[in-house]
Amino acid sequence: MAQHVLDEAQRCLNCKVPQCQKGCPIHTPIPEVIRLLLDGHLDDAGWKLFENNPLTTVCSLVCNHENQCEGHCVLGKKGAPVHFSTIENYISSTYSSKMVRGPAPSNGIRVAIIGSGPAGLTIAVILARKGYQVTIFESKDKIGGVLRYGIPEFRLPKSVLDDFEYRHLRLKGIKVRPNTVIGGAIGIDDLFRDGYKAIFIGTGVWQPNTLHIKGETLGNVHFGINYLNNPDSYHLGERVIVIGAGNAAMDVARTALRKGVRYLQCFSRDEGVAASKHEFEYAVLEGVEFVYNKAPVEIRDEGVIFADVVKKEDGTREVVPGSEQLYPADSVIISISQGPLNRIVNSTKGIDTNSRGLIEADESGHTTRPGIFASGDVVNGARTVVEAVAHSKAVAQAMDEYMQSLPKEE
């Protein structure tokens, strides 16, 4: 492994204006990290990765590298780009085992993080580095949010998240309250009462979007985000239809095949898929059949009725009358993205949302209520992990500035 990584690293041209770094949403200093590795400074390279991106071990596995760092590599214009994802994974996973330093000296200021997805974890780590007393409130039994409950094991092993929890949370003095819902027994105002000076909301988007067609409540119909939460609790049968063609739909389809489904069709309204090229290619390789230009009309016990969709001159799409056809399936999984749960907003005064139910926040994460910040999917809708991390770094800085501006207590 290490030898192959070094071979790949030696292909780097060390560009004066690194396009790979421009293509990375979090601007990872890729040439510098590669130079450190080649010069034998593995620990320095690892430190630089984690300092820039606390979730570097995760991003090395789940980022859409083909459109970001590797997609911008100049070598990729005529051949294969430098596969930095492999290099990053080797450095970060190797260096991670050496991260044993304890908490930073406490500054005595208490911070609450609601939700332990990519945004919440990033902010928790950054603020803990500055000495804040951080408590994470997680509604599920383990940390990770969409990383644990929305990305399959074959793409992101749970051991990576478990290691992150030990080294970046427990060793750093960050407290975690699992199975704790904010907006239920405990509310935002209770947190302020107990001395939290700032509160971050990073609850993600867990409300499945629906098709609003007949048959959506039948017993053989499931939602993709719910299925990925715990695939082993579902009994899908041998023949499954997945409605949707984004990256989450690819995760659903590939997971279902691994859980015993024999024949899986993935339906798209468009002439192609919204998923990344690599995810699509792996899905095809593993046996997923794709059907394009089809719109679901009705779901039945025996399958789904789809109609043909045509693209008009103005770019809009319309259903072709009389083209309805039943496609048989034992189970149907709807995977057309998600929206936010509104428990916190409904139980708290002063937090505005937009027409989609997403929390309104400025570029620095300030919501319409002082002291409450938000970022990640609950603000921007479903996005990539690295985008959530990049935005949350700016929010962490804004939270630090806000708390430092408060009157000092005796």
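Numbers here are sequence positions counted from 1.
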E138 and R177 ion-paired at < 4.0 Å: no
Donor-acceptor contact below 3.5 Å, side chain N209 vs main chain I336: yes
Verdict with supporting geometry, R383 and D377, salt bridge (Lys or Arg N to Asp or Glu O under 4.0 Å): CA-CA 6 Å; R383 299 286 183 87; D377 292 354; over 6 Å; no
Heavy-atom pair of closest approach, residues P328 and I241: O-CD1, 4.0 Å
Exam field: side chain E387 to backbone T384, donor-acceptor pair closer than 3.5 Å: yes
Worked check of side-chain contact (heavy atoms from CB on, under 4.5 Å) between V240 and Y263: CA-CA 6 Å; V240 171; Y263 185 57; over 6 Å; no
Ring centers of Y90, H4 separated by less than 6.0 Å: no
Working for side chain to side chain donor-acceptor pair (under 3.5 Å), residues H83 and E8: CA-CA 7 Å; H83 292 97; E8 193 66 19; 3.1 Å; yes
Distance-only criterion, 3.5 Å: show the donor-acceptor pairs between side-chain atoms of residues 34-42 and protein atoms not counting sequence neighbours.
unit_1: R35; atom_1: NH1; unit_2: N14; atom_2: OD1; d: 2.7

From CA spacing to verdict: side chain to side chain donor-acceptor pair (under 3.5 Å), E88, T28: CA-CA 10 Å; E88 181 183 16; T28 301; 5.1 Å; no
Extract all donor-acceptor atom pairs below 3.5 Å that involve side chains of residues 225-233 and protein atoms in other chains or at least two apart in sequence.
unit_1: D232; atom_1: OD1; unit_2: K259; atom_2: NZ; d: 2.9
unit_1: S233; atom_1: OG; unit_2: N230; atom_2: O; d: 2.8

Ring pair (Phe, Tyr, Trp, His ring centres under 6.0 Å) partners for F290, two or more places apart: F280
Check: H278 main-chain N/O paired with E66 side-chain donor or acceptor under 3.5 Å: yes
Y327: partners by ring pair (Phe, Tyr, Trp, His ring centres under 6.0 Å), with sequence neighbours left out: F267, F306
More than 12 heavy atoms from other groups under 6.0 Å of NZ on K158: yes
Minimum heavy-atom distance between A253 and V288, given as atom pair plus value: CB-CG2, 3.9 Å
Full working for side-chain contact (heavy atoms from CB on, under 4.5 Å) between I87 and V82: CA-CA 9 Å; I87 298 170; V82 174; 3.9 Å; yes
Under-4.0 Å salt bridge between E302 and R239: no
With sequence neighbours excluded, residues passing salt bridge (Lys or Arg N to Asp or Glu O under 4.0 Å) with R101: none
R317 atom CZ, neighbour heavy-atom count above 12 within 6.0 Å: yes
N/O donor-acceptor pair under 3.5 Å between H65 side chain and C59 backbone: yes
Pairing of K142 and E165 as salt bridge, 4.0 angstrom limit: no
Check: H391 side chain, E363 main-chain N or O, donor-acceptor pair, under 3.5 Å: yes
Nearest heavy atoms of L127 and A396, plus distance in Å: CD2-O, 3.7 Å
Pairing residues for Q397 by the side-chain hydrogen bond (donor to acceptor under 3.5 Å, both in side chains) criterion, not counting sequence neighbours: E401
E279 bridged to R254 by N-O distance under 4.0 Å: yes
Short N-O contact, R155 and D251, less than 4.0 angstrom: yes
Expected output: side-chain D141 to main-chain N179 donor-acceptor under 3.5 Å: no
Any side-chain donor near an acceptor of the partner, S96 and D163, under 3.5 Å: yes
For K22, salt bridge (Lys or Arg N to Asp or Glu O under 4.0 Å) partners two or more places apart: none
Check: S60 main-chain N/O paired with N89 side-chain donor or acceptor under 3.5 Å: no
cation_pi(R258, F154) dist<6.0 Å, angle<=45: yes
All side-chain hydrogen bond (donor to acceptor under 3.5 Å, both in side chains) counterparts of E281, not counting sequence neighbours: K277
Under 3.5 Å side-chain donor-acceptor pair for E70 and S85: yes
Shortest non-hydrogen contact between V100 and S97, atoms and distance: CG1-O, 4.2 Å
Of all pairs that satisfy ring pair (Phe, Tyr, Trp, His ring centres under 6.0 Å), the ones with a partner from residues 340-390, not counting sequence neighbours: H366-F373, F373-Y402
Check: S331 side chain, L236 main-chain N or O, donor-acceptor pair, under 3.5 Å: yes
Over 12 foreign heavy atoms within 6.0 Å of OH, Y292: yes
Check: H212 main-chain N/O paired with E216 side-chain donor or acceptor under 3.5 Å: yes
A307 versus V297, closest heavy-atom pair with distance: CB-CG2, 3.7 Å
N/O donor-acceptor pair under 3.5 Å between S392 side chain and V395 backbone: no
Worked verdict on F223 versus T210 for side-chain contact (heavy atoms from CB on, under 4.5 Å): CA-CA 8 Å; F223 291 111; T210 58; 3.7 Å; yes
Under-4.0 Å salt bridge between R300 and E298: yes
Heavy-atom side-chain contact between D330 and N220 under 4.5 Å: no
side-chain hydrogen bond (donor to acceptor under 3.5 Å, both in side chains) against D162, all qualifying residues, sequence neighbours excluded: R148
I299 versus V332, closest heavy-atom pair with distance: CG2-CG2, 4.1 Å
Evaluation steps, side-chain contact (heavy atoms from CB on, under 4.5 Å), between L49 and V33: CA-CA 7 Å; L49 284 175; V33 168; 3.9 Å; yes
With H222 via ring pair (Phe, Tyr, Trp, His ring centres under 6.0 Å) - residues at least two apart: Y234
K393: which of T122, N52, N53 passes side-chain hydrogen bond (donor to acceptor under 3.5 Å, both in side chains): N52
Residue pair D44, K48: steps toward the salt bridge (Lys or Arg N to Asp or Glu O under 4.0 Å) verdict: CA-CA 6 Å; D44 293 336; K48 191 163 288 290; over 6 Å; no
Could you give the side-chain donor-acceptor pairs of residues 73-80 under 3.5 Å, partners two or more places apart or in another chain?
none

Presence of salt bridge, K311 and D270, under 4.0 angstrom: no
Quiz item: cation-pi between K140 and W206, 6.0 Å / 45°: yes
Electrostatic pair R369:D189 at N-O distance under 4.0 angstrom: yes
